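Below is one structure, written out as structure tokens; the observations come after it.
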Amino acid sequence: MSGLPEPPQKGRTMLPSGTYVGKVVMVTGGGTGLGKAMATEFARLGATVAIASRSAEHRANGVRAVEEAGGRAVDVALDVRDAAQVAAAFDQITQAAGPVDVLINNAAGNFPIPAERLSPNGWKAVVDIVLTGAFLCSQEFARRCVARGAPGSILNILVTYIDGGAPGHSHSAAAKAGVASLTETLAVEWAPDGIRVNAISPGLFPHDDHTASMRANRPDGYEAEWNRIPALRVGRTHELGWLATYLCSPYAAYITGHTAVIDGGDRLRRSVRMPVFVPIRELIPETPR
Ligand code: HXC
Ligand code: NAP
């Protein structure tokens, strides 16, 4: 059995060449991992891509990836938890490249920890980045689209454990489920203004930028998880990038309030004989920093 086939090679596009020429795409957390992969695919289709996050080093990596794919990049320092910084980021992008046409709410915080050990500030850090950050960026984006009478597209990056929760990730699961709800609410509120709001719910997508604490939860590495997934492989970051470019494009003009799952069937995996139950506190080391 060889599982689901690999996607076409990285470097191809799934939309016509130049689909995003003249468009400005803002990717929060666009300097690492999935954000960088999505930024790359928008750039390949001609977009100007704003890489918005806290670390200058991360942003420089995102800028390099966009430029290597043939796009123009804007480097924007941003902590999505701060409304004033969010407004300033949109101002900076508008000045440098023009108004933002597509917003990707990809920035996230996460670390594995049993709920009873999570501090109030740890809870707040993750919920503020994931849920409040997505709301603040979406609100600023929509206000500006409405003011100039222009359509727009928002894409929220969720995770498959929005359904069923995630032991060891109470903060992230609750916050991402909140963003799933926002996706549906804002899609309805803003459709009359020409703004679409969709989401992608990814399964496992290994990349080189995973944080140390996330890696600590998977001592054998993310690639080693392939045989736990019905597809018998993990996701490739460029295939997620293709899905993002489609959902934000004019070819998806009638799609809004939708969450597209891309997980090789992982979330549906059930067995008539489930594995022995192990409490989460026995699976997560005491000091996972
Ligand atoms: C326990 C931790 C912790 C850890 C931080 N904290 N890391 N507690 N275990 N590993 C606690 C701190 O002690 C502090 O609480 C509080 O969280 C805030 O920590 P700061 O470092 O001050 O916060 P900040 O600088 O704002 O950083 C936010 C962060 C950090 C979330 C904590 O990890 C971060 O910036 N992460 C960004 C990248 C990331 O997390 N990527 C993962 C996305 S992957 P106290 O009480 O001490 O003050 C994902 C889905 C993966 O989401 C799904 C895979 C299948
Ligand atoms: P990652 O590499 O750790 O990316 C997280 C990004 O968020 C970083 O670039 C970080 O940049 C940015 N960020 C964090 N806090 C921020 C803040 N306060 N303000 C602005 N930017 C901030 O993780 P990833 O795996 O690529 O994950 C990307 C998205 O996919 C996340 O939403 C995640 O939940 C989701 N996801 C990932 C997987 C997977 O398998 N990889 C699976 C499901 C869902 P700075 O440090 O520079 O701020």
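Side chains are part of it too, since the values below use all heavy atoms of this structure and drop only hydrogens, waters and symmetry mates. In listed order, ligands and their atoms are each counted from 1. Quick caveat, the model's predicted, so the values are computed rather than measured. All residue numbers in this chain count up from 1 along the given sequence.
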Determine whether the side chain, the backbone, both or neither of [X] has a heavy atom under 4.0 Å from any heavy atom of ligand 2.
{"X": "Thr28", "result": "neither"}
{"X": "Arg59", "result": "neither"}
{"X": "Leu158", "result": "backbone"}
{"X": "His210", "result": "side chain"}

Should one rank [options] by closest heavy-atom distance to [atom], which comes out on top?
{"atom": "atom 31 (C) of ligand 2", "options": "Asn106, Leu34, Ile157", "answer": "Asn106"}
{"atom": "atom 16 (C) of ligand 2", "options": "His169, Met214, Glu225, Arg54", "answer": "Arg54"}
{"atom": "atom 43 (C) of ligand 1", "options": "Val159, Asp128, Asn106, Asn110", "answer": "Asn110"}
{"atom": "atom 13 (N) of ligand 2", "options": "Ala107, Gly203, Gly133", "answer": "Ala107"}
{"atom": "atom 18 (C) of ligand 1", "options": "Ala125, Pro206, Pro112", "answer": "Ala125"}

Contact atoms of ligand 2, heavy-atom distance to [X] under 4.0 Å:
{"X": "Gly29", "answer": "6 (C), 7 (O), 9 (O), 12 (C)"}
{"X": "Ser55", "answer": "45 (P), 47 (O), 48 (O)"}
{"X": "Lys176", "answer": "31 (C), 32 (O), 33 (C), 34 (O)"}
{"X": "Phe205", "answer": "39 (C), 40 (O), 41 (N)"}
{"X": "Val159", "answer": "43 (C), 44 (C)"}
{"X": "Leu78", "answer": "19 (N), 20 (C)"}
{"X": "Pro202", "answer": "43 (C), 44 (C)"}
{"X": "Arg81", "answer": "18 (N)"}

> Counting only heavy atoms not in Asp208, do more than 12 sit closer than 6.0 Å to its CG atom?
Replying inline: no
> More than 12 foreign heavy atoms under 6.0 Å from CD of Glu116: is that the case here?
Replying inline: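 Counting neighbours around CD of Glu116, more than 12 heavy atoms of other residues, nucleotides or ligands fall under 6.0 Å, so yes.
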Regarding ligand 1, does [X] bring an N or O atom to under 3.5 Å of one of the ligand's N or O atoms?
{"X": "Thr211", "result": "no"}
{"X": "Arg54", "result": "yes"}
{"X": "Tyr222", "result": "no"}
{"X": "Ser119", "result": "yes"}

Before accepting this row, confirm whether a basic side-chain N of the pair [X]/[Y] lies closer than 4.0 Å to the acidic partner's carboxylate O.
{"X": "Asp101", "Y": "Arg148", "result": "yes"}
{"X": "Arg64", "Y": "Glu57", "result": "no"}
{"X": "Arg236", "Y": "Glu239", "result": "no"}
{"X": "Asp193", "Y": "Arg143", "result": "no"}
{"X": "Arg267", "Y": "Asp163", "result": "no"}

Shortest protein contact, [atom] (heavy atom only):
{"atom": "atom 45 (P) of ligand 2", "value": "His58 ND1, 3.4 Å"}
{"atom": "atom 9 (O) of ligand 2", "value": "Thr32 OG1, 2.7 Å"}
{"atom": "atom 18 (N) of ligand 2", "value": "Asp79 OD1, 2.9 Å"}

Without placing hydrogens or testing angles, list every side-chain donor-acceptor pair under 3.5 Å for residues 244-255, not counting sequence neighbours.
from, atom 1, to, atom 2, distance (Å)
Thr245, OG1, Trp242, O, 2.7
Ser249, OG, Tyr246, O, 2.8
Ser249, OG, Tyr251, N, 3.1

> Quick one: are the ring centres of His207 and Tyr222 less than 6.0 Å apart?
Replying inline: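 Here the rings of Tyr222 and His207 have centres that are no less than 6.0 Å from each other.
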> Among all residues two or more places apart in sequence or in another chain, which pass the salt bridge (Lys or Arg N to Asp or Glu O under 4.0 Å) test with Arg59?
Replying inline: Asp75
> With a 4.0 Å heavy-atom cut-off (strictly under), which part of His58 contacts ligand 1: side chain, backbone, both or neither?
Replying inline: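 Neither; nothing of His58 gets under 4.0 Å from ligand 1.
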> Can you get from Leu103 to Leu131 by hopping between Ile, Leu, Val, Met, Phe, Trp and Tyr side chains that sit under 4.5 Å apart?
Replying inline: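 In one cluster with Leu103: Leu131, yes.
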> Would you say His210 touches ligand 1, if touching means a heavy atom closer than 4.0 Å?
Replying inline: no
>> Does any part of the side chain of Thr28, heavy atoms only, come nearer than 4.5 Å to the side chain of Cys137, both counted from C-beta?
In response: yes
>> Over 60° means perpendicular and under 30° means parallel, so tell me whether Tyr161 and His169 are parallel, tilted or perpendicular.
In response: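 Parallel.
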